[in-house]
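To start, the structure under review is shown below, and the notes come after it.
Keep in mind that the numbers below use all heavy atoms, side chains included, and drop hydrogens, waters and symmetry copies.
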Amino acid sequence: MTAKAKYQDVLDLGEALNIKDGNVTEENGILKVKGEAKTQYEKNLIWDKIKEIGGEKPTDILANITVADTSVYHRHTVKSGETLGKIAKHYYGNASKYQAIFKANSDILKNPDIIYPDQELIIPNL
């Protein structure tokens, strides 16, 4: 199995995330992946997928993923039924971090219990 075939799920994820300036080459059994993610969260998704396939320290892939917007962790569009707690749990693994999201969006949110579908929220770097 080639490294490219082994890491096809990583390449598919990069395509789904619209990684900019993507470049993939394979040399001597090592897959070299380069590109720019929109946010740190998207870069982390790529790395999580790489580690899921290749282990904690894979030797058959080199990835150089940069981040376009380092001022935020991610930008999230609210979906019906979501709460700040659910959003915080998704991004940080801890629902009580909803306060950081509320604070980062205090210009558009007046109450942490009231958010609306299609609002774009800043998910701050913690």
Tell me, yes or no, whether the heavy-atom count around [X] atom [atom1], taken from other residues, nucleotides or ligands under 6.0 Å, exceeds 12.
X      : atom1 : value
Lys38  : NZ    : yes
Asp107 : CG    : yes
Glu15  : CD    : no

For Asp113, check side chain to side chain contact (heavy atoms under 4.5 Å, CB included) against everything at least two apart and list the hits.
-> Asn111

By side chain to side chain contact (heavy atoms under 4.5 Å, CB included), Ala5 pairs with (sequence neighbours left out) Met1, Thr2

To the nearest 0.5 Å, tell me how far Tyr7 OH sits from Leu13 CG.
-> 14.0 Å

Enter the distance from Thr77:OG1 to Leu121:CG here, rounded to the nearest 0.5 Å.
-> 8.0 Å

Show the numbers, then the answer: is there a side-chain contact (heavy atoms from CB on, under 4.5 Å) between His74 and Glu42?
-> CA-CA 8 Å; His74 196 59; Glu42 290 185 355; 3.6 Å; yes

What are the two closest heavy atoms between [X] and [Y], and how far apart are they?
X      : Y      : answer
Tyr92  : Lys97  : CD1-CB, 3.7 Å
Ala88  : Ala95  : CB-O, 3.7 Å
Ile101 : Asn105 : O-ND2, 2.7 Å
Ala100 : Leu126 : CB-CD2, 3.7 Å

Residue pairs meeting salt bridge (Lys or Arg N to Asp or Glu O under 4.0 Å), one or both in residues 58-77, sequence neighbours left out, come to Lys6-Asp60, Asp69-Arg75

Flag, side chain of Lys43 to backbone of Thr39, donor-acceptor distance under 3.5 Å | no

Does a side-chain heavy-atom distance below 4.5 Å link Leu109 with Ile114?
-> no

Would you mind reporting whether Val10 and Leu31 have side-chain heavy atoms less than 4.5 Å apart?
-> no

According to a 4.5 Å side-chain heavy-atom criterion applied to Ile, Leu, Val, Met, Phe, Trp and Tyr, with indirect links allowed, do [X] and [Y] form part of one hydrophobic cluster?
X      : Y     : value
Tyr91  : Leu17 : yes
Trp47  : Val67 : no
Ile122 : Tyr41 : no

Mind checking side chain to side chain donor-acceptor pair (under 3.5 Å) for Tyr98 and listing every partner two or more places apart, or none if nothing turns up?
-> none

Give the intermediate values and the outcome of side-chain contact (heavy atoms from CB on, under 4.5 Å) for residues Tyr73 and Asn44.
-> CA-CA 10 Å; Tyr73 184 62; Asn44 291 354; 3.1 Å; yes

Atom pairs and distances, donor-acceptor, side-chain atoms in residues 50-58, under 3.5 Å, two or more places apart:
residue : atom : partner : partner atom : Å
Glu52   : OE2  : Lys49   : NZ           : 3.4

Report the relative orientation of the aromatic rings in His90 and His76; use parallel for angles under 30°, tilted for 30 to 60°, perpendicular for over 60°.
-> tilted

When Val33 is tested against each of Asn64, Ile65, Leu62 for side chain to side chain contact (heavy atoms under 4.5 Å, CB included), which residue passes?
-> Ile65

Residues Lys86 and Glu82 bridged, charged N to O under 4.0 Å | no

Result block: side-chain N/O donor-acceptor pairs under 3.5 angstrom for residues 19-30, not counting sequence neighbours:
residue : atom : partner : partner atom : Å
Glu26   : OE1  : Lys4    : N            : 3.4
Glu26   : OE2  : Ala3    : N            : 3.0
Glu27   : OE1  : Lys32   : NZ           : 3.3

